[in-house]
Amino acid sequence: MARNLAILGSTGSIGRNTLDVVRAHPDRLSVKSLAAGKQWKRLAEQVREFRPRLVAVYEPEAAARLRDEIRGIDVAVREGMPGLLEAASLADADTLVSALVGSIGLRPVMVAIASGKTICLANKETLVVAGALVTAAAQEKGVPIIPVDSEHSAIFQCLADGNRDASQIRRLVLTASGGPFRRLETERLAGVTPGEALRHPNWDMGGKITIDSATLMNKGLEVIEARWLFGIEFDRIEVVVHPQSIIHSLVEFIDGSFLGQLGAPDMRLPIQYALSYPDRWQASGDRLDLLKLGSLTFEPPRLADFPCLAYAYEAGRRGGTLPCAMNAANEVAVAAFLQGDIGFTDIPAVIRAVMDMMPFEAAPDLDALLAHDEQARGMAAVRIAERAAARQKGAEAA
């Protein structure tokens, strides 16, 4: 059966890979709506190729540029959050691919669930911020949430075919590459640059996700996401560093057996599986050559040097508004690091400060979470300004 797609975040890494899968399977997949943040030139190219019914751009100025660029093409152009919501809930689409980066993806996923769409989820912050609300809404509507992240896709595949009974699972094992600083000496971490942090050893990802990988926050967000996707307690979700990024994650069962999913580090594989499930289609990405693999190694994460992973476990276990505060602080701190305002080790420091200072609510509704997100961002900005000022003062003194 053909699937009609709404793709949010179409100009980013996941979105572009999703469109590669569409190109490989044009008889099975069609694009009905596209949405992006501000990359209007790339979005215009996608509109010309895929001819969606509707396209949304979050930033109004970029939306205006897009309208001028695609004048004469029969496509509706929307902007801002209302535009994202319209693109996500478009009646012509039956499947949402949510590839936006950050908590901005939460409301579009909720409206897509309300409209009965299958959710192919790459936007992990949606479940980090509001996992209880999102999963309850999906269950009420009978809407499946199919993971797109390579790690969660791996677990999803391992738990298929009758392996979903949580009582039979001892633990989920999420693998992490370790990022570009896996072996860097502790004393050098404070001085690493954004350019160095963006050189991921295995994956081609956007800036925010790549920095999250370097701090191990990306894996922390995935731990919280796994809890909501698979209904497994945090004490049964473990992270191991696997530098080769070939085993994308594993499940250990109570009898000592492991099931793992192997594949090339190519996001087209988990994206295609999310779109083809429960079927499998011919590969649209790279294939794994077992004879060229060499050794596969595993090691524990360096929690003392990369505390964001521990913060995510703490936030996930406490729940309520704490994961929302943590995520908001992280988004603001990563943006500040990429702009050169703070150092690499300031990122976890800002997150810790916000987690400690924000008020806590145990069972927030969506409006409360959105308000909490805004408050945490403001608090993070204050902490960043303080650190940036201290950084400037130190540079002047030197």
Mind listing the side-chain donor-acceptor pairs of residues 319-330 below 3.5 Å, one per line with the distance, residues two or more places apart or on another chain?
from   : atom 1 : to     : atom 2 : distance (Å)
Thr321 : OG1    : Glu361 : N      : 3.0
Asn327 : ND2    : Glu331 : OE2    : 2.8
Asn330 : ND2    : Asp212 : OD1    : 3.0

Which pairs would a plain distance check flag for residues 96-111, meaning a side-chain donor or acceptor within less than 3.5 Å of a matching protein atom at least two apart in sequence or in another chain?
from   : atom 1 : to     : atom 2 : distance (Å)
Ser103 : OG     : Asp373 : OD1    : 3.2
Ser103 : OG     : Arg377 : NH2    : 2.9

Let me have the donor-acceptor pairs involving side chains of residues 351-358, under 3.5 Å, with sequence neighbours excluded, atom names and distances please.
from   : atom 1 : to     : atom 2 : distance (Å)
Arg352 : NE     : Asp356 : OD1    : 3.2
Arg352 : NE     : Asp356 : OD2    : 3.4
Arg352 : NH1    : Glu314 : OE1    : 2.8
Arg352 : NH2    : Glu314 : OE2    : 3.1
Arg352 : NH2    : Asp356 : OD1    : 2.8

Side-chain donor-acceptor distances from residues 131-142 under 3.5 Å, at least two apart:
from   : atom 1 : to     : atom 2 : distance (Å)
Thr135 : OG1    : Gly131 : O      : 2.7
Thr135 : OG1    : Ala132 : O      : 3.3
Lys141 : NZ     : Ala114 : O      : 3.2

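Residue Val241 belongs to no hydrophobic cluster, having no ILVMFWY side-chain heavy atom closer than 4.5 Å to its own.
His25 pairs by the ring pair (Phe, Tyr, Trp, His ring centres under 6.0 Å) definition with Trp281, not counting sequence neighbours. In this structure Glu49 satisfies the side chain to side chain donor-acceptor pair (under 3.5 Å) test together with Arg23, sequence neighbours excluded. Residues forming a side chain to side chain donor-acceptor pair (under 3.5 Å) with Glu185 (at least two apart in sequence, or on another chain): Arg188. Partners of Glu386 under the side-chain contact (heavy atoms from CB on, under 4.5 Å) rule, at least two apart in sequence or in another chain, are Val382, Arg383. In this view, Ser33 satisfies the side chain to side chain donor-acceptor pair (under 3.5 Å) rule with no residue, not counting sequence neighbours.
At a threshold of 4.5 Å between side-chain heavy atoms, the hydrophobic network of Ile, Leu, Val, Met, Phe, Trp and Tyr places Val128 and Ile347 in one connected group. Both Phe156 and Val143 belong to a single network of hydrophobic side chains, linked directly or stepwise wherever heavy atoms of I, L, V, M, F, W or Y lie under 4.5 Å apart. In the hydrophobic clustering of this structure, Leu90 does not group with Ile7; members are Ile, Leu, Val, Met, Phe, Trp, Tyr whose side-chain heavy atoms approach within less than 4.5 Å, directly or through other members. Both Val334 and Ile224 are members of a single hydrophobic cluster when ILVMFWY side chains are connected at heavy-atom separations under 4.5 Å. In terms of hydrophobic clustering, with Ile, Leu, Val, Met, Phe, Trp and Tyr side chains grouped at heavy-atom distances under 4.5 Å, Ile254 and Ile155 are assigned to different clusters.
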task: Check the pair Ile247 / Leu262 against side chain to side chain contact (heavy atoms under 4.5 Å, CB included), numbers first and verdict last.
output: CA-CA 4 Å; Ile247 299 177; Leu262 285 71; 3.8 Å; yes
task: Would you please test Cys120 and Thr95 for side chain to side chain contact (heavy atoms under 4.5 Å, CB included) and show each step?
output: CA-CA 7 Å; Cys120 296; Thr95 301; 3.7 Å; yes
- prompt: When you look at Lys124 and Glu151, which way does the salt bridge (Lys or Arg N to Asp or Glu O under 4.0 Å) test go after all the steps?
  reply: CA-CA 11 Å; Lys124 57 180 67 68; Glu151 296 82 359; over 6 Å; no
message: Let's go through Val239 and Leu216 carefully: what are the C-alpha distance in whole Å and the side-chain angles of both, what is the deciding distance for side chain to side chain contact (heavy atoms under 4.5 Å, CB included) to 0.1 Å, and is it a yes or a no?
response: CA-CA 10 Å; Val239 172; Leu216 289 190; over 6 Å; no
task: Might you work through the side chain to side chain contact (heavy atoms under 4.5 Å, CB included) test for Val173 and Val240, ending with a clear yes or no?
output: CA-CA 7 Å; Val173 181; Val240 299; 3.6 Å; yes
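Counting only heavy atoms from C-beta outward, the side chains of Leu288 and Leu293 approach each other to under 4.5 Å. Two residues are said to be in side-chain contact when any heavy atoms from C-beta on lie closer than 4.5 Å; Leu184 and Asp305 fail this criterion. Residues Lys38 and Glu61 are not in side-chain contact: their nearest non-hydrogen atoms beyond the backbone lie 4.5 Å or more apart. Contact of the Phe253 side chain with the Arg170 side chain is not registered, since no non-hydrogen atoms from C-beta on lie closer than 4.5 Å. Between Pro270 and Asp149 the shortest side-chain heavy-atom distance does not fall below 4.5 Å. Lys32 has its side chain out of reach of Asp94: every pair of non-hydrogen atoms, C-beta onward, lies at least 4.5 Å apart. In this structure the side chain of Phe258 reaches within 4.5 angstrom of the side chain of Arg171, judged on heavy atoms. With contacts defined as side-chain heavy-atom distances shorter than 4.5 Å, the pair Ser150/Met267 qualifies.
Although no hydrogens or angles enter the test, the distance criterion places a donor-acceptor pair under 3.5 Å between the side chain of Lys117 and the main chain of Ala93. Although no hydrogens or angles enter the test, the distance criterion places a donor-acceptor pair under 3.5 Å between the side chain of His242 and the main chain of Thr297. Judged by distance alone, the side chain of Arg236 and the main-chain N or O of Ala166 form a donor-acceptor pair under 3.5 Å. For the pair Asp266 (side chain) and Asp286 (backbone), a donor-acceptor distance under 3.5 Å is present.
For residues 311-344, the set of pairs meeting the ring pair (Phe, Tyr, Trp, His ring centres under 6.0 Å) definition, not counting sequence neighbours, comprises Phe181-Phe344, Phe337-Phe344. The list of side chain to side chain donor-acceptor pair (under 3.5 Å) pairs with a residue in residues 337-350, not counting sequence neighbours, reads Asp346-Arg387.
Here Glu69 pairs with Arg48 in a salt bridge; the nearest charged N to carboxylate O distance falls below 4.0 Å. Ion pairing of Arg78 with Glu86 is present here, as a side-chain N (NZ or NE/NH1/NH2) and a carboxylate O approach within less than 4.0 Å. A salt bridge links Asp235 with Arg317: the closest approach of a Lys/Arg side-chain nitrogen to an acidic carboxylate oxygen falls below 4.0 angstrom. Between Glu79 and Arg67 a salt bridge is recorded (basic side-chain N to carboxylate O distance below 4.0 Å).
Atom OG of Ser153 and atom CD of Gln261 lie 6.0 Å apart (nearest 0.5 Å). A distance of 13.0 Å separates CD1 of Ile14 from CG of Leu8, quoted to the nearest 0.5 Å. Of the inter-residue distances, the one linking Glu222 atom CD with Thr175 atom OG1 reads 8.5 Å to the nearest 0.5 angstrom. Atom CD1 of Ile211 is separated from atom NE2 of His200 by 10.5 Å, given to the nearest 0.5 angstrom.
A pairwise comparison of heavy atoms in Ala226 and His152 identifies N-NE2, 3.5 Å as the closest pair. The nearest pair of heavy atoms linking Ser177 to Ser245 is CB-OG, 3.5 Å. Scanning both residues, Ala274 and Pro147, for their nearest heavy atoms gives CB-O, 3.9 Å. The minimum heavy-atom distance between Ala333 and Ile342, with the atom names listed, is O-CD1, 3.5 Å. Shown here for Ile119 and Ala112, the closest heavy-atom pair between the two residues is CD1-CB, 3.7 Å.
Side-chain atoms of Gln157 and Arg280 form a donor-acceptor pair, as typed in the model, at a separation below 3.5 Å.
A side chain to side chain contact (heavy atoms under 4.5 Å, CB included) with Val57 is found for one member of Thr11, Leu84, Leu43 and no other, namely Leu43.
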